[in-house]
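In what follows, every heavy atom counts, from backbone to side chain, and hydrogens, waters and symmetry copies are set aside.
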Amino acid sequence: MRIFVSLPIRTFIAVVVVFFIAGCSSTAAAIEVTESTVVIDVRSAEEFGAGHLAGAELLDFNAGDLEASLTQLDPEADYLVYCRSGNRSAQAVAMMEDAGFTKVTDLGSMESAAKATGISIVKD
């Protein structure tokens with residue numbers, strides 16, 4: 001049995017497949033990290049101790065550390081924020097933006113952050 005698919009549908013399917021393959025094979029865009037960039041890990045101390053990006057500052061989101069530190073952070077600095085899966089980092093970025101920070105980037109998970117920045121994962 002042969003299934004007939006019209007030309008417009010075949011074209012659409014081909015375009016979707018090409019974009020899907022291109023999206024899967026592309027590498028993450030590199031994030032420029034300078035000496036003044038502040039990398040913030042919003043996971044717990046236990047998670048941080050198991051591995052974190054070299055030079056990252058631990059501000060545990062769930063423990064309220066980030067919120068408590070907002071008044072001491074420079075709102076003009078560049079911040080890169082990550083966590084385990086991207087949930088806490090997204091919440092942290094929203095909190096920082098609500099507080100007036102304008103140069104904040106959510107890197108999602110630690111692995112995504114390492115790949116995007118080129119910073120290695122270390123254990124203390």
Sub-4.5 Å side-chain heavy-atom contact between His52 and Val39:
no
Worksheet entry | Test item: Ser112 and Leu107 side chains (from C-beta on) under 4.5 Å apart, heavy atoms | no
When rounded to the nearest 0.5 Å, the distance separating CG of Asp106 from CG of Asn87 is 9.5 Å
d(Asp65 CG, Glu57 CD) to nearest 0.5 Å is 10.0 Å
OH (Tyr79) and CE (Met96) are apart, to the nearest 0.5 Å, by 5.5 Å
Check your understanding: Just wondering, are more than 12 heavy atoms of other shown residues or ligands nearer than 6.0 Å to CD in Glu35?
Key -> no
* To do: Look only at the side chain of Tyr82 and the backbone of Leu53, and say whether a donor-acceptor pair between them is shorter than 3.5 Å.
  => yes
Scanning both residues in full, the closest heavy-atom pair of Asp41 with Ala56 reads CB-CB, 4.3 Å
When hydrophobic residues are tied together by side-chain contacts of less than 4.5 Å, even through go-betweens, does Leu80 share a cluster with Val104?
no
Interatomic distance, CG@Asn62 vs CD@Glu47, rounded to 0.5 Å, equals 8.5 Å
Rounded to the nearest 0.5 Å, the CZ atom of Arg88 sits from the CZ atom of Arg43 at a distance of 7.5 Å
Is there a donor-acceptor pair closer than 3.5 Å between any side-chain N or O of Lys103 and the backbone N or O of Glu76?
yes
Shortest non-hydrogen pair, Cys83 vs Ser89, comes out as SG-N, 3.3 Å
The side-chain contact (heavy atoms from CB on, under 4.5 Å) partner of Phe101 among Asp74, Val93, Leu70, Asp78 is Leu70
Exercise for review: Give the cluster check for Ile121 versus Val81: same hydrophobic cluster or not, with ILVMFWY residues linked at side-chain heavy-atom distances below 4.5 Å.
Suggested key: no
_Would you say CD of Glu97 has more than 12 non-hydrogen atoms from neighbouring residues, nucleotides or ligands within 6.0 angstrom?_
yes
Scanning both residues in full, the closest heavy-atom pair of Ala45 with Leu58 reads CA-CD2, 3.6 Å
Output for pair (Ser85 OG, Met110 CE), nearest 0.5 Å, gives 12.0 Å
